[in-house]
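Let me begin by presenting the structure, written as structure tokens, before commenting on it.
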Amino acid sequence: MNNLVWEDNFEIDGAPDANNWTYEIGDGTAQGIPGWGNNEFQYYTSRPENVKVENGNLVITARKETFSGSGYTSARLLTKGLFQQKYGRFEARIKLPWGQGLWPAFWMLGDDNNGALSWPQIGEIDIMENRGNEPTITHGSIHGPGYSAGNAVTKSYDLNARLDTQFHVYGIEWGPNYINYYVDDVLYNQITPEDLPNGTEWVFNDREFYIILNVAVGGSFAGAPNINTVFPQTMEVDYVKVYN
């Protein structure tokens, strides 16, 4: 998995490259999943206040502001329909936000066959998720039919180093019947079909997956912000690279 097939190094200031990224907009209501299915508080926009390329990084900013009925704004970028791949190494160098109620993520969803399939049947690979009140811990997970939401197959990893004050490289190596999880090239988890609940299906050999980067506010995973949570908060992404 050393052949570089796709990358974005975020070298041109302004809006993210439209050849690489599109946006989810809103609070999930239009998609039929208010709160994005997780009781999240933010309204996603494509405004530069929430997402831009600056000084060699993609910057996603979560803000506390009233916008279209929501109390917070942020951004979610995805490569759906622009770049999708089955198997390979997917990695990103990221500096995370910090604070109770922040939920930054670098993850992937399976192609939905033009809407013919739905989550969790399409599969979800969470390369990096973080609870903003746990600034040294990252989580790697998969979701599929019978092991989704609170029943995901998951493992956490404590770097004993802050994720919000320096960049770290989060990645997976994905092949037939395995997904290996890395932080700074340290292998901390391997998930295989043997790790699934009895009678459930491994849906990660079936289709291409696309990449997602976002910062959620609130939600079932991170909980609500509190009076000590400082806004705005940013997730900075130095690069995203894919190999096969």
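FYI, the numbering just counts along the sequence from 1. Since the structure is predicted, the reported quantities are computational estimates derived from the model, not experimental observations.
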>> Do I127 and L77 sit in one hydrophobic cluster, given that two such residues count as connected whenever their side-chain heavy atoms are within less than 4.5 Å of each other, even indirectly?
In response: yes
> What are the two closest non-hydrogen atoms of A216 and N214, and how far apart are they?
Replying inline: N-ND2, 3.7 Å
>> Please determine whether side chain to side chain contact (heavy atoms under 4.5 Å, CB included) holds for the pair F167 and D238, giving the CA-CA distance in whole Å, both sets of side-chain angles, and the decisive distance to 0.1 Å.
In response: CA-CA 8 Å; F167 284 89; D238 178 29; 4.1 Å; yes
> Which pair of heavy atoms, one from A222 and one from G218, lies closest together, and at what distance?
Replying inline: CB-O, 4.0 Å
> Are N38 and E40 linked by a side-chain donor-acceptor pair shorter than 3.5 Å?
Replying inline: yes
>> Tell me whether D8 contacts the main-chain N or O of F10 through its side chain, where contact means a donor paired with an acceptor under 3.5 Å.
In response: yes
> Going hydrophobic residue to hydrophobic residue with side-chain gaps under 4.5 angstrom, can you get from Y210 over to F204?
Replying inline: no
>> One thing to verify: whether D206 and K86 come together as a salt bridge, which I'm taking to mean a side-chain N less than 4.0 angstrom from a carboxylate O.
In response: no
>> Would you say N50 and T45 are linked by a side-chain donor-acceptor pair, where the criterion is simply a distance under 3.5 Å?
In response: yes
>> Just by distance, no angles: are the side chains of T229 and Q100 close enough, under 3.5 Å, to form a donor-acceptor pair?
In response: no
> Any side-chain heavy-atom pair from Y72 and R63 closer than 4.5 angstrom?
Replying inline: no
>> Measuring from atom OG of S156 to atom CZ of R131, what distance do you get when rounded to the nearest 0.5 angstrom?
In response: 8.5 Å
>> Whether the side chain of T200 engages the backbone of P197 through a donor-acceptor N/O pair (distance < 3.5 Å, no angle test) should be reported.
In response: yes
>> For a side chain to side chain contact (heavy atoms under 4.5 Å, CB included) check, start with the C-alpha distance between L196 and W202, then their side-chain angles and the critical distance, and finish with the verdict.
In response: CA-CA 8 Å; L196 299 186; W202 180 264; 3.9 Å; yes
> Under 4.5 Å between any side-chain heavy atoms of M235 and L213, yes or no?
Replying inline: yes
>> What I'd like to find out is whether the side chain of W174 reaches to under 4.5 Å of the side chain of F209, using heavy atoms alone.
In response: yes
> Taking the six-membered ring of Y23, is the NZ or CZ of R47 close enough (under 6.0 Å from the centre) and on axis enough (within 45°)?
Replying inline: no
>> Within this structure, what is the CD1-CE distance for the pair I142 and M108, rounded to the nearest 0.5 Å?
In response: 12.5 Å
> Is there a path of hydrophobic side-chain contacts, each under 4.5 Å between heavy atoms of I, L, V, M, F, W or Y residues, that connects V53 with I94?
Replying inline: yes
> From D195 CG over to I179 CD1, what is the distance, rounded to the nearest 0.5 angstrom?
Replying inline: 10.0 Å
> So, for T79 and W21, which heavy atoms are closest and what is the spacing to 0.1 Å?
Replying inline: CG2-CZ3, 3.5 Å
> Under the criterion side-chain contact (heavy atoms from CB on, under 4.5 Å), which of N180, D158, V183 is the partner of Y188?
Replying inline: V183
> How far apart are the C-alpha atoms of N3 and V5, what are their side-chain angles, what is the distance that settles it, and do they pass the side chain to side chain contact (heavy atoms under 4.5 Å, CB included) test?
Replying inline: CA-CA 6 Å; N3 180 42; V5 294; 3.6 Å; yes
>> Under a 3.5 Å distance rule, please check whether Q166 uses its side chain to pair with a backbone N or O of L163 as donor and acceptor.
In response: no
>> Just so I know, are the side chains of D185 and V169 near enough to count as touching, which here means a heavy-atom distance under 4.5 Å?
In response: no
> Is the shortest heavy-atom distance from the side chain of P193 to the side chain of N177 under 4.5 Å?
Replying inline: yes
>> When you compare the side chain of I60 with that of S74, does any pair of heavy atoms fall below 4.5 Å?
In response: yes
>> Show the nearest heavy-atom pair for residues V203 and P145, with the distance to one decimal.
In response: CG1-CD, 3.9 Å
> Short question: side chain of Q233, backbone of W98 - any donor-acceptor pair under 3.5 Å?
Replying inline: yes
> With a 3.5 Å cut-off and no angle check, do the side chains of D126 and H139 form a donor-acceptor pair?
Replying inline: no
>> What verdict does the side chain to side chain donor-acceptor pair (under 3.5 Å) test give for Y87 and N205, after you've listed the backbone C-alpha separation in whole Å, the side-chain angles of each residue and the deciding distance to 0.1 Å?
In response: CA-CA 8 Å; Y87 305 151; N205 294 338; 3.0 Å; yes
>> Within this structure, what is the NZ-CD1 distance for the pair K241 and I211, rounded to the nearest 0.5 Å?
In response: 13.0 Å
> Measuring from L159:CG to D184:CG, what's the distance to the nearest 0.5 Å?
Replying inline: 6.0 Å
> Do the side chain of N130 and the main chain of T138 share a donor and acceptor less than 3.5 angstrom apart?
Replying inline: no
> Can you name the closest pair of heavy atoms from Y181 and S141 and give their distance?
Replying inline: OH-O, 2.8 Å
>> Around atom NZ of K95, are there more than 12 heavy atoms from other residues, nucleotides or ligands closer than 6.0 Å?
In response: yes
> Does any donor atom in the side chain of N189 or Y157 lie under 3.5 Å from an acceptor atom in the other side chain?
Replying inline: no
>> As a quick check of understanding, evaluate side chain to side chain contact (heavy atoms under 4.5 Å, CB included) for V240 and F90, giving each step before the final call.
In response: CA-CA 8 Å; V240 182; F90 299 75; over 6 Å; no
> Taking a hydrophobic cluster as the set of Ile, Leu, Val, Met, Phe, Trp and Tyr residues connected by side-chain heavy atoms closer than 4.5 Å, whether directly or through intermediates, do I125 and V153 fall within one such cluster?
Replying inline: yes
>> Applying the ring-ring contact (aromatic ring centres under 6.0 Å, His included) criterion to W36, which one of W119, Y44, F221, Y43 satisfies it?
In response: Y44
> Taking H168 for the side chain and R162 for the main chain, is one N or O donor matched with an acceptor at less than 3.5 Å?
Replying inline: yes
>> Is a donor from one side chain sitting under 3.5 angstrom from an acceptor on the other, for N55 and N57?
In response: no
>> I want to check something: taking the side chain as every heavy atom from C-beta on, are T73 and Q42 in contact at a cut-off of under 4.5 Å?
In response: no
> Do Y239 and L78 share a hydrophobic cluster (ILVMFWY, side-chain heavy atoms under 4.5 Å, transitive)?
Replying inline: no
> E124 and W107: side-chain donor and acceptor closer than 3.5 Å?
Replying inline: no
> Is the backbone N or O of L4 less than 3.5 Å from a side-chain atom of E7, with the two atoms forming a donor-acceptor pair by type?
Replying inline: no
>> Could you work out, with side chain to side chain donor-acceptor pair (under 3.5 Å) as the rule, every residue matching E201, not counting sequence neighbours?
In response: Q121
>> I'd like to know if the side chain of T154 reaches the main chain of G140, judged simply by a donor and an acceptor atom lying under 3.5 Å from each other, with no hydrogens or angles considered.
In response: yes
> Under 4.0 Å between a Lys/Arg side-chain N and an Asp/Glu carboxylate O for E91 and R89?
Replying inline: yes
> To the nearest 0.5 Å, how far apart are CZ in R93 and CD in E236?
Replying inline: 10.5 Å
>> With a 4.5 Å cut-off on side-chain heavy atoms, are P120 and Y147 touching?
In response: no
